[in-house]
Asks: 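My structure is below; once you've seen it, I'll send some questions.
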Amino acid sequence: MLDKSNVKTLEKVVIRFSGDSGDGMQLAGNIFSNVSAGVGNQISTFPDYPAEIRAPQGTLGGVSGFQVSIGKGVHTPGDQADVLVAMNPAALKQHAKFLKRGGVAIIDVDAFKKADLDKALYTTESPYTEVGLDPQQVVEVPLTSLVKEALADSGMDMKSITRCKNMCALGLVCWLFDRPLEAAENALKNKFAKKPAIFDANAKVLHAGYDYGHNTHAFVSTYRIESDTIRPGVYTDVNGNTATAWGLIMASEKSGMPLFLGSYPITPATDILHELAKRKDLGVKACQMEDEIAGVCSAIGASFAGNLGVTSTSGPGLALKSEAIGLAVMAELPLVIIDVQRGGPSTGLPTKTEQTDLMQAIYGRNGESPVAVVAAASPADCFDMAFEASRIAIEHTTPVILLTDGFIANGSTAWRIPEASEYPEIHPHYVTPDMKDKGWRPYLRDEKTKVRYIAVPGTEGFAHRLGGLEKDYNTSAISNDPENHELMVKVRQEKIDRIADNIAPLEVLGDADADTLLIGWGGTFGHLYTAVEELNAAGKKVAYAHFRHIRPLPANTADVINRYKKIIVAELNLGQFADYLQAKFPGKKLLRINKVQGQPFTVKEVVDGITKLMED
């Protein structure tokens with residue numbers, strides 16, 4: 001039993017797991033996150049993958065990291081870690097910079113032999129001081145020896161045995177932060193359901209790591225992490241890609257339209273395809289196509305046939321899909337395009353995060369080709385915004401681009417699984433039987449919303465065809481008339497503009513009496529909101545507006561922006577949203593905080609940036 005007299009209570013804590021790509025750091029981090037969500041903690045995670053595909057073991061290029069913050073009031077994975085778990089010298093060298101001053105580094109001392117240090121390019125005999133750590137910060141644990149001893153009679157080969165040391169480290173961290181091992185064991189059982197011998201080995205070393213901490217008292221104290229008062233329900237941790245897939249399924253259920261995903265694998269969006277491919281039990285059709293163009297074209301065909309057509313990709317794929325998206329604009333079909341943004345241009349930084357596809361999403365097609373654009377704010381919000389993107393696409397018969405990014409797509413948060421009754425019905429804009437006798441045409445539209453009525457192929461009396469050539473507003477026949485073309489261009493734009501009447505107003509958080517407004521969009525929400533909270537707590541009057549609807553903007557956007565003397569836009573690009581807003585509100589001077597490093601903001605960067613701009 002845990003000695004409760006040596007337990008300290010913390011409001012929140014940040015742990016970073018680091019090791020080789022094959023050391024299972026993502027698995028250990030995910031299980032720890034899931035366990036923490038299950039005991040009522042808020043969580044926010046940041047998996048930090050290397051771009052290299054399995055670099056040589058023990059080298060600097062192959063280090064993989066997973067950072068998680070748990071506790072109360074958690075909105076980000078934390079700027080720096082309280083505890084760093086480093087499985088080898090390369091991991092310590094690459095990630096020591098993420099450890100707080102005074103934080104604790106837990107290392108596998110068995111992996112710190114001279115050959116290991118040489119492989120990680122250490123130049124001194126003092127690896128801890130070389131990376132800027134006080135040796136007193138380092139807790140040396142013989143993880144490899146513990147695993148070998150625990151599995152000596154398992155019959156497993158040495159390579160398989162040493163691969164289990166991530167669970168030994170996890171057991172030690174579970175002991176340190178008072179996490180229940182039963183929940184971790186259940187996660188392992190699900191992971192290795194078809195490999196009972198592997199489960200038994202990992203469960204055994206999990207307990208070995210826990211017992212090592214308990215029996216040796218490697219730390220002065222263990223820690224209890226506080227939990228928020230939470231709404232009753234079933235909670236789990238969910239990453240953004242999984243939440244996106246589930247939000248699409250909910251939209252399919254609420255609209256009565258079968259869900260079809262046509263996609264091509266691309267980092268960091270592929271897990272959406274993986275998740276939906278599992279859901280045949282819910283009627284989902286997920287097809288891996290031969291390329292990006294085939295992916296979007298198959299989704300357009302599915303949409304024309306009466307399905308909720310969806311395609312998922314990242315920035316390079318969005319560029320390839322642009323011509324077909326223009327076809328969906330001309331045909332006025334509901335279509336959802338998910339862009340999980342990554343570092344660019346070209347192949348760029350496939351495993352890193354950015355917000356650099358915004359202008360491509362808004363304008364990146366030939367001709368006047370307006371689409372709706374929305375953006376998710378967090379991993380859990382990916383569910384809501386996937387649902388919202390689908391709702392807008394279906395009810396307004398338009399393509400909708402949903403922007404997420406690598407940070408929230410791979411990162412996870414504690415999420416309450418919702419009830420279906422918490423989400424509204426979605427109403428497709430179908431033809432009605434009486435239209436058959438009233439001169440229905442394919443481009444007949446509701447004059448109030450400008451939304452085209454949809455006839456599913458096979459509906460008796462509504463045979464029709466669509467295409468990429470311009471159509472006459474009145475007859476729906478192909479037309480080259482210049483005045484008609486201008487009319488249709490304006491109608492398609494007006495249809496997008498009128499979506500603003502059917503979306504939530506922009507909400508302002510933070511100090512109600514502030515003269516300074518911070519603006520953000522997409523996956524930066526947690527860092528920007530936390531920065532505003534810290535500034536407010538320090539007596540600085542700052543308000544915060546976060547945009548989830550980009551095109552069109554919420555109807556009250558002008559009212560919000562015009563209330564503030566100083567406006568700061570923070571984003572992970574060189575100012576794309578700021579430029580977009582500046583064009584909409586040319587009379588306002590928009591200040592900027594920008595970062596394009598393939599990494600999310602830190603809260604400190606935002607706090608320092610706002611403080612400087614407020615003082616100028």
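Predicted model only: the values in this text are computed from it and were never measured.
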Asks: Would you please say whether a donor-acceptor pair under 3.5 Å links the side chains of Ser479 and Asp481?
Replies: no
Asks: Verify the distance criterion only: is there a donor paired with an acceptor across the side chains of Thr311 and Lys321 at less than 3.5 Å?
Replies: yes
Asks: Identify whether the distance between the nearest side-chain nitrogen and carboxylate oxygen of Arg279 and Asp281 falls below 4.0 Å.
Replies: yes
Asks: May I ask you to decide whether Arg492 forms a salt bridge with Glu470, counting only side-chain N to carboxylate O separations under 4.0 Å?
Replies: yes
Asks: Kindly write out the residues that satisfy side-chain contact (heavy atoms from CB on, under 4.5 Å) with Leu574, not counting sequence neighbours, or none if the list is empty.
Replies: Val596
Asks: Angle class for the Trp415/Phe383 ring planes (parallel below 30°, perpendicular above 60°, tilted otherwise)?
Replies: tilted
Asks: Taking only residues two or more places apart in sequence, or in another chain, which ones meet Lys352 in a side-chain contact (heavy atoms from CB on, under 4.5 Å)?
Replies: Asp48, Leu349, Gln599
Asks: Is the ring pair Tyr453/His429 parallel, tilted or perpendicular, if the boundaries are 30 and 60 degrees?
Replies: parallel
Asks: Would you say Glu460 has more than 12 foreign heavy atoms packed within less than 6.0 Å of its CD?
Replies: no
Asks: Would you call Arg445-Glu494 a salt bridge at under 4.0 Å N-O?
Replies: no
Asks: Checking side chain to side chain contact (heavy atoms under 4.5 Å, CB included) between Leu403 and each of Val374, Ile362, Asp339, which is the one that passes?
Replies: Asp339
Asks: For Glu290, is the CD atom crowded, meaning more than 12 foreign heavy atoms sit under 6.0 Å from it?
Replies: yes
Asks: Quiz question: by atom type and distance under 3.5 Å, do the side chains of His549 and Glu388 form a donor-acceptor pair?
Replies: yes
Asks: Angle between ring planes, His464 versus Phe304, binned at 30° and 60°: parallel, tilted or perpendicular?
Replies: perpendicular
Asks: Within a reach of under 6.0 Å around CG of Asn366, are more than 12 heavy atoms found that belong to other residues, nucleotides or ligands?
Replies: no
